[in-house]
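Down below is the structure, laid out as structure tokens.
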Amino acid sequence: CGSWGFWAVDSPHCVPPGSSGPRDPPDPRFLLQPCRGREDHGGHGAREVAAIGQLDGRRVLVVANPIAGRGRSRRAAEEVVERLRGEGCEVDLVMTAARGDAERAAAEGGSLADLIVSVGGDGTLAEVLGGREQPVPVSVLAMGTANVLRQDLGLAHTAGQLVEQLRTGRVSELDVAMVRVGPEREARVSFLVTGVGFDGEAVRLVEQRRRGPITRWIYVRALLDALR
């Protein structure tokens, strides 16, 4: 199983360790979270180390899964764009249509941005973190089913809260694991947990059967079938 945590860094613009070699540790990812003080919180080792600062003139890439939250994500992303432009930001919005779109958007547009905003579920965030090739901070507006990271760290759940978080929050470093999956040993970034056996089979069934937004009932059916 993989694990994750936050570790202090000197600047959100420093180049994290790691290289292209398969034996090297994966690069950490930068995540913007609410400002709570400089002490650790919640057992996650979260240390706030740098602020985003002035929003005016910042270049922001918003990557959104429009079907997340049963369609609420599209409107939420549009509101984020409106609010950020009201703050003087230059904003590009990418709506995903298929698996891999968020990763490609982060890879192609992330290098030109000062900040990336992920609007969707944990899967959208995973793709954004996996595609991001430069040390650009990532902020999260969680609109999925589980929203594990949002619940653990108290992240924004409305566009207004997100923009306020960008004004006052601080950047922390997120440890990630690189996991190879499937017969092709495809490399994926794991930022929450990695499961094998029963847990992995249930998730595989969920991904295999989903036809749009993931619901809790899909998880229940997958768990029951994985027990057979």
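Atoms CD1 and CG, on Ile116 and Asp92 in that order, are 11.5 Å from each other to the nearest 0.5 Å. The structure places CD of Glu87 at 13.5 Å from CZ of Arg85, a figure rounded to the nearest 0.5 Å. Atom CG of Leu166 sits about 10.0 Å away from atom CZ of Arg58, to the nearest 0.5 Å. Distance check, rounded to the nearest 0.5 Å: OG of Ser118 to CG of Leu141 gives 8.5 Å. Annotation: the span from Cys89 atom SG to Asp56 atom CG amounts to 7.5 Å, rounded to 0.5 Å. Rounded to the nearest 0.5 Å, atoms OG (Ser139) and CD (Gln165) are 4.5 Å apart.
At most 12 non-hydrogen atoms from other residues, nucleotides or ligands lie less than 6.0 angstrom from CZ of Arg221.
Summarising the geometry of Ala105 relative to Val94, their closest heavy-atom pair is CB-CG1, 3.8 Å, with the distance given to 0.1 Å. Here the closest non-hydrogen pair linking Gly120 and Ala68 is CA-CB, 3.8 Å. Ala107 and Glu133 get closest at one heavy-atom pair: CB-OE2, 4.0 Å.
Of the listed residues (Val119, Ile67, Asn65), just one forms a side-chain contact (heavy atoms from CB on, under 4.5 Å) with Met143, and that residue is Val119.
Cluster membership for Leu55 and Val60, using ILVMFWY side-chain heavy atoms within less than 4.5 angstrom, is shared.
Panel note: side chain Glu164, backbone Gly160; no donor-acceptor pair is recorded below 3.5 Å. Looking only at distances, no side-chain donor or acceptor of Ser73 sits under 3.5 Å from a matching main-chain atom of Gly69. The closest donor-acceptor contact from the side chain of Asp225 to the backbone of Ala222 lies at 3.5 Å or more, if one exists at all.
With a 4.5 Å cut-off on side-chain heavy atoms, Met95 and Leu93 count as touching. Inter-residue side-chain proximity for Arg188 and Met178 is flagged as unmet; no heavy-atom pair is nearer than 4.5 Å.
Looking at Glu127 and Arg99, no side-chain N of the basic residue comes within less than 4.0 Å of a carboxylate O on the acidic one, giving no salt bridge. Using a 4.0 Å cut-off between charged side-chain N and carboxylate O, Glu79 and Arg83 make a salt bridge.
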In sequence, state the C-alpha distance, the side-chain angles, and the governing distance for Val80 and Glu78, and then conclude on side-chain contact (heavy atoms from CB on, under 4.5 Å).
CA-CA 5 Å; Val80 167; Glu78 292 170 347; over 6 Å; no

Please report the C-alpha distance between Val63 and Thr96 in whole Å, then the side-chain angles of each, then the deciding distance to 0.1 Å, and finally whether the side-chain contact (heavy atoms from CB on, under 4.5 Å) criterion is met.
CA-CA 7 Å; Val63 181; Thr96 64; 4.1 Å; yes

Checking side-chain contact (heavy atoms from CB on, under 4.5 Å) for the pair Val62/Val91: CA distance, chi angles, key distance, verdict?
CA-CA 7 Å; Val62 178; Val91 187; 3.7 Å; yes

side-chain contact (heavy atoms from CB on, under 4.5 Å) between Leu61 and Leu115: does it pass, once the steps are laid out?
CA-CA 6 Å; Leu61 172 64; Leu115 171 69; over 6 Å; no

